[in-house]
> 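Encoded as structure tokens, here's the structure I'll be asking about.
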Amino acid sequence: MAHDDLAAGRLVRLFPEISLASPLAYYVVYRLECASLPKLAAFRAWLFNEAEQ
């Protein structure tokens, strides 16, 4: 579903160095101007921490 948006540059991969093998996929999508919001940063950190475990 997101493949076309990634290919067209409408979505960008935030951490290309992180790769997880999984039958499921999770995406964190937000507006660039919201990237520094503390709640978003906390959620993103939590999500990546959960994915690593």
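Computation of the quantities below employed the complete heavy-atom set of this structure, encompassing side-chain atoms and omitting hydrogens, waters and symmetry-equivalent molecules.
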> Applying side chain to side chain donor-acceptor pair (under 3.5 Å) as the test, list every pair that has at least one member in residues 28-41; sequence neighbours left out.
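Sorted result for residues 28-41: Y30-R44, R31-E33.
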> Can you sort out the partners of E17 under side-chain hydrogen bond (donor to acceptor under 3.5 Å, both in side chains), two or more places apart, ordered by chain and number?
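Counting only residues at least two positions away or on another chain, E17 forms no side-chain hydrogen bond (donor to acceptor under 3.5 Å, both in side chains).
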> Does L37 have any side-chain contact (heavy atoms from CB on, under 4.5 Å) partners at least two apart in sequence or in another chain, and if so, which?
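L37: side-chain contact (heavy atoms from CB on, under 4.5 Å) contacts with C34, L40.
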> Out of curiosity, does V28 fall in the hydrophobic cluster containing W46 (side-chain heavy atoms, cut-off under 4.5 Å, transitive links)?
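Both belong to a single hydrophobic cluster.
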> Has L32 got more than 12 heavy atoms of other residues, nucleotides or ligands less than 6.0 Å from its CG?
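No, the 6.0 Å shell around CG holds no more than 12 heavy atoms from other groups.
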